[in-house]
Visitor: 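The structure that follows is given in the form of structure tokens.
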Amino acid sequence: MSNKEKILNIAVIAHVDAGKSTLVDAFLRQSDVFRDNEEVVDCIMDSNDLERERGITIYSKNCSVIHDGVKINIVDTPGHADFSSEVERIIRTVDTVILLVDASEGPMPQTRFVLSKALEIGLKPILLINKIDKKDQRAEEVVDEVYELFLELNANDEQLDFPILYGIAREGIVQYDLNTPSDSIEPLFKTILKHCDVYPDLDDDPVQMQVSALAYDEYIGRLGIGRIYKGVLKPGTQYIRCNQDGLEKKETISKIFVYKGLSRTDVKEAHSGDIVVIAGMPDISIGDTICDPEHIEPMEQIEIEEPTLSMNFHVNSSPFAGQSGKFVTSRNLKERLEKELEVNVGLRVEPTDSADCFKVSGRGELHISILIENMRREGYELAVSKPEVILHRDENGTKVEPIEEVVCLAPSEYQGTIINKLNLRKGVMQDMEEENGYVKITYLAPTRGLLGFRSEFINDTHGEGTLGRRISGYEPYKGEITQRMQGAMISTETGQAMTYALWNLQERGQLFISPQTEVYEGMIIGESAKNIDMDVNPLKNKKLTAIRSSGRDEAMLLTPPRIFSLEEALEWINDDELVEVTPDAIRIRKKGLTAQDRRNLYREKMAQNKD
């Protein structure tokens with residue numbers, strides 16, 4: 001490899017909030033990627049607006065650094081199990097992974113998921129225990145827990161002999177052990193180069209590249225991102241594109257880009273081992289193999305785990321439809337969902353009996369809600385139903401449902417509430433440990449029962465708890481699970497909500513709106529204190545009289561309303577309700593807007609249940 005760059009590809013994997021993006025920041029800052037006077041933000045790789053707002057990585061991203069003459073391509077992967085399809089694709093393009101584990105929390109459910117994917121394809125991980133500056137750090141115990149996790153995942157002897165490093169990613173420090181201080185991440189660079197061989201020189205072999213991700217450029221169109229496994233790729237050359245269905249098509253690559261730092265650079269040729277971005281193939285898709293016309297060797301298909309949740313996306317039919325959105329028709333909705341399928345391989349879209357409704361399936365609530373949030377920001381209006389778990393039949397014909405491992409870390413004082421809530425949701429406790437005033441509770445619970453649990457958990461623990469979840473498998477159907485215990489306050493009028501009406505209504509439950517909010521008939525404006533829906537009139541105002549007495553008027557002080565995020569609204573609704581999503585508002589409504597519509601829908605449901 002003397003005539004070309006030595007190349008090594010690594011991925012940083014971990015659970016949410018372990019410090020992946022912060023570690024990538026340190027790689028870039030300590031590799032002279034930025035100018036001395038350049039202003040650099042934290043979590044550089046989390047460039048998407050949603051990622052910055054939520055503080056999580058949603059999309060896998062690439063960058064590269066040069067160290068000791070070796071080009072290291074770095075992939076920052078999502079840690080949330082809902083974006084598992086991103087991890088499954090990207091993990092194939094790398095030579096090793098850095099497993100990042102919090103020095104206090106230890107391995108979490110998502111850690112198990114991302115690590116299992118790396119071990120399955122034979123990668124030899126490097127363990128980095130992060131956040132060793134925490135007061136409650138227990139690095140030695142965490143290392144033992146990671147060893148146990150490797151054994152549970154059937155790691156081979158080579159994989160079990162992993163290097164162990166300790167660090168504080170936020171300060172750009174990695175050290176060989178707890179007692180040897182460091183002022184940089186140089187120990188990590190040295191360990192990567194020592195632990196993993198650079199990619200072999202296969203430039204003389206016939207070209208073979210597999211697409212693992214897609215992107216779009218408004219000037220040059222659709223882009224395919226993937227690794228060149230063999231050969232040299234050149235723009236202006238014809239290649240055979242083999243898709244996942246076995247079809248072979250002759251196409252020409254117009255441009256090739258490689259990663260230099262954070263930017264994509266146009267090149268005249270790209271070599272084996274490198275991660276590249278190619279343009280010029282308008283129908284390119286994830287899993288496609290680019291081959292030499294004389295040596296057609298399609299690579300193994302990329303298997304993606306099946307969706308576990310589905311929601312119905314409806315055309316917005318509320319009285320306020322079309323007031324703020326640009327895209328409101330079923331055609332707009334269909335085209336946008338088809339466009340999403342091109343880059344989001346973990347998603348499924350199916351037609352329904354109605355032309356105005358599409359069934360969208362994904363890996364979890366967050367997976368689908370990110371899509372909805374992106375659509376509303378692009379100007380789409382839609383109404384979304386309650387998430388439903390996808391049930392299956394096993395080989396014996398028994399109905400089975402997805403089961404999740406749930407790990408709750410919270411102050412000990414809240415353990416009774418957490419245990420009670422999970423028991424009601426058909427959960428079965430697996431383990432409970434208490435240390436330093438905190439309790440770690442592990443449960444196995446059906447995905448159905450966990451819908452809406454995250455927001456309840458945050459409220460119950462006053463924001464001090466941490467919740468981790470992952471799909472652990474399928475088990476026989478667990479039976480009926482109690483839905484929301486409270487009813488809804490449903491507006492009977494259309495217009496502006498009045499302070500006087502809301503002041504009287506707040507005694508009967510919790511409000512979701514404030515005075516002067518525009519409401520319509522059938523819109524839900526609050527949660528009833530009782531387990532029954534209430535029809536209310538939020539437009540009612542105080543009657544004016546000819547005689548006014550200053551002593552008669554009371555100051556009408558309203559309790560601040562509960563404002564829902566998109567995920568919270570989806571968790572809150574019942575089967576007969578919808579979340580109306582527009583660019584400027586998130587509203588909750590009944591499927592039947594009038595009282596008569598609701599009665600008719602109820603009768604239809606009862607008739608179906610009898611059948």
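All values below come from the heavy atoms of this structure, side chains included, with hydrogens, waters and symmetry mates left out. Counting begins at 1 with the first residue of the sequence.
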Visitor: Please determine whether a side-chain nitrogen of the Lys or Arg among Lys230 and Asp203 lies less than 4.0 Å from a carboxylate oxygen of the Asp or Glu.
Guide: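 Asp203 and Lys230: not salt-bridged.
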Visitor: In terms of heavy-atom contacts, does CD of Glu294 have more than 12 from other residues, nucleotides or ligands at under 6.0 Å?
Guide: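 At most 12 heavy atoms, drawn from other residues, nucleotides or ligands, come within 6.0 Å of this atom.
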Visitor: Would the distance check show the side chain of Ser310 and the main-chain N or O of Lys359 forming a donor-acceptor pair, the cut-off being under 3.5 Å?
Guide: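 No, because the side chain of Ser310 does not come within donor-acceptor range (under 3.5 Å) of the backbone of Lys359.
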Visitor: Quick check on Glu350: does its CD atom have over 12 non-hydrogen neighbours (other residues, nucleotides or ligands) under 6.0 Å away?
Guide: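 Result for CD/Glu350: enclosed.
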Visitor: Would Asn130 and Asp102 count as having a side-chain donor-acceptor pair, cut-off 3.5 Å?
Guide: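 The answer is no; no qualifying pair exists.
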Visitor: Consider only side-chain N and O atoms of Thr329 and Asn332, and report whether a donor and an acceptor are under 3.5 Å apart.
Guide: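 Distance-only check passes for Thr329 and Asn332.
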Visitor: Give a yes or no on whether the backbone of Thr398 and the side-chain of Asn396 come within a donor-acceptor separation of less than 3.5 Å.
Guide: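 Checking the backbone N and O of Thr398 against the side chain of Asn396, no donor-acceptor pair under 3.5 Å is found.
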Visitor: Can you name the nearest heavy-atom pair linking Leu165 to Pro187, along with the distance?
Guide: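 For Leu165 and Pro187, the tightest heavy-atom pair comes out as CD1-O, 4.3 Å.
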Visitor: Can Glu571 and Arg454 be counted as an ion pair, charged N to O under 4.0 angstrom?
Guide: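 Here Glu571 does not pair with Arg454 in a salt bridge, since their nearest N and O are not under 4.0 Å apart.
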Visitor: Where do Asp95 and Cys196 come nearest, in terms of heavy atoms and distance?
Guide: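 Smallest interatomic distance, heavy atoms only, reads CB-SG, 3.6 Å.
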Visitor: Judged by atom type as modelled, is there a donor-acceptor pair below 3.5 Å linking the side chain of Arg376 to the main-chain atoms of Thr582?
Guide: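 At least one qualifying donor-acceptor pair exists.
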Visitor: Look at Asp266 together with Lys255 and state whether they make a salt bridge at an N to O cut-off of under 4.0 Å.
Guide: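 Salt bridge between Asp266 and Lys255, a charged N being under 4.0 Å from a carboxylate O: yes.
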Visitor: Give a yes or no answer on whether the side chain of Thr252 reaches the backbone of Gly236 with a donor-acceptor pair at less than 3.5 Å.
Guide: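 No, the answer is negative, given that no donor and acceptor are paired below the 3.5 Å cut-off.
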Visitor: Answer yes or no: is there an ion pair linking Arg377 with Glu373, defined by an N-O contact shorter than 4.0 Å?
Guide: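 Looking at Arg377 and Glu373, the cut-off is met.
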Visitor: Look at the rings of Phe189 and His67 and say which category their plane angle falls in: under 30° parallel, 30 to 60° tilted, over 60° perpendicular.
Guide: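 Ring orientation of Phe189 relative to His67: parallel.
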Visitor: Which atom pair, heavy atoms only, marks the closest approach of Asp292 to Pro206?
Guide: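 Closest heavy-atom pair between Asp292 and Pro206: CB-CB, 3.9 Å.
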Visitor: So, taking the atom named OH in Tyr380 and the one named CE in Met375, what distance separates them when rounded to the nearest 0.5 Å?
Guide: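 Atom-to-atom, Tyr380:OH and Met375:CE are 6.5 Å apart.
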Visitor: Indicate whether the side chain of Glu567 and that of Ser369 have a donor and an acceptor atom separated by less than 3.5 Å.
Guide: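 A pair is found: one side chain offers a donor N or O, the other an acceptor, under 3.5 Å apart.
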Visitor: Could you grab the distance from atom CD of Glu475 to atom CG of Asp394, nearest 0.5 Å is fine?
Guide: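 Glu475 CD to Asp394 CG: 12.0 Å, rounded to 0.5 Å.
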Visitor: Strictly under 6.0 Å, is that where the ring centroids of Phe313 and Phe358 end up?
Guide: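 No - the distance between ring centres of Phe313 and Phe358 does not fall below the 6.0 Å cut-off.
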Visitor: Apply side chain to side chain donor-acceptor pair (under 3.5 Å) to residues Thr447 and Glu404 and explain how you reach the verdict.
Guide: CA-CA 6 Å; Thr447 301; Glu404 295 191 29; 3.0 Å; yes
Visitor: Should Lys386 and Glu365 count as an ion pair when the cut-off is N to O under 4.0 Å?
Guide: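 Looking at Lys386 and Glu365, the cut-off is not met.
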Visitor: Would you check if there is a donor-acceptor pair between the side chains of Glu297 and His295 at a distance under 3.5 Å?
Guide: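 Checked: His295/Glu297 side chains show no N/O donor-acceptor pair below 3.5 Å.
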Visitor: Determine whether more than 12 heavy atoms belonging to other residues, nucleotides or ligands lie under 6.0 Å from atom CZ of Arg170.
Guide: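 No, CZ of Arg170 has 12 or fewer neighbouring heavy atoms, counting only those of other groups under 6.0 Å.
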Visitor: So Phe150 and Leu127, side chain to side chain contact (heavy atoms under 4.5 Å, CB included) or not? Walk me through it.
Guide: CA-CA 11 Å; Phe150 270 70; Leu127 175 63; 5.9 Å; no
Visitor: Whether Lys249 and Asp288 form a salt bridge (side-chain N of Lys/Arg under 4.0 Å from carboxylate O of Asp/Glu) is what I want to check.
Guide: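 No salt bridge links Asp288 with Lys249.
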Visitor: Has the side chain of His314 got a donor or acceptor atom that lies under 3.5 Å from a matching backbone atom of Leu578?
Guide: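 No: the side chain of His314 does not pair with the backbone of Leu578.
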Visitor: Ignoring hydrogens, what is the shortest heavy-atom contact between Glu381 and Gly325? Give both atom names and the distance.
Guide: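 For Glu381 and Gly325, the tightest heavy-atom pair comes out as OE2-N, 2.8 Å.
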Visitor: Is a side-chain donor or acceptor of Asn9 paired with a backbone partner of Thr93 at a separation under 3.5 angstrom?
Guide: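 Yes.
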Visitor: Are the side chain of His367 and the backbone of Arg363 linked by a donor-acceptor contact shorter than 3.5 Å?
Guide: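 Looks like yes, one N/O pair under 3.5 Å.
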Visitor: Restricting to non-hydrogen atoms, name the atom on Leu8 and the atom on Val198 that form the minimum distance, rounded to 0.1 Å.
Guide: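 Looking at all heavy atoms of both residues, the closest pair is CD1-CA, 4.1 Å.
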Visitor: For Val97, what residues pass the side-chain contact (heavy atoms from CB on, under 4.5 Å) criterion, not counting sequence neighbours?
Guide: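 Val97: side-chain contact (heavy atoms from CB on, under 4.5 Å) contacts with Ala11, Ile13, Ile91, Val94, Ala118, Leu123, Pro125.
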Visitor: Minimum heavy-atom separation for Glu251 and Pro282, please, with both atom names.
Guide: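 That closest heavy-atom pairing would be OE2-CD, 4.0 Å.
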Visitor: Does Gln210 use its side chain to pair, donor to acceptor, with the backbone of Gly287 at less than 3.5 Å?
Guide: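 Here the side-chain-to-backbone pair exists.
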Visitor: Between Gln208, Lys250, Met209, Lys234, which is the residue that forms a side-chain contact (heavy atoms from CB on, under 4.5 Å) with Tyr239?
Guide: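 The option that passes is Lys234.
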Visitor: Donor-acceptor check, side chain of Ser272 to backbone of Leu202, threshold 3.5 angstrom: yes or no?
Guide: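 Checking the backbone N and O of Leu202 against the side chain of Ser272, a donor-acceptor pair under 3.5 Å is found.
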Visitor: Under 3.5 Å, side chain of Asn374 to main-chain N/O of Ile370, donor-acceptor pair present?
Guide: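 Such a contact is found between Asn374 side chain and Ile370 backbone.
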Visitor: Is atom CG of Asp197 surrounded by more than 12 heavy atoms (other residues, nucleotides or ligands) closer than 6.0 Å?
Guide: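 Incorrect, the count does not exceed 12.
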Visitor: Could Lys6 and Asp68 be called an ion pair, given the rule that one side-chain N must be under 4.0 Å from one carboxylate O?
Guide: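 Looking at Asp68 together with Lys6, the answer is no, because their closest N to O distance does not fall below 4.0 Å.
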Visitor: Ignoring hydrogens and geometry beyond distance, is a side-chain donor-acceptor pair present between Glu580 and Asn316 at under 3.5 Å?
Guide: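 Indeed, the side chains of Glu580 and Asn316 share at least one donor-acceptor pair under 3.5 Å.
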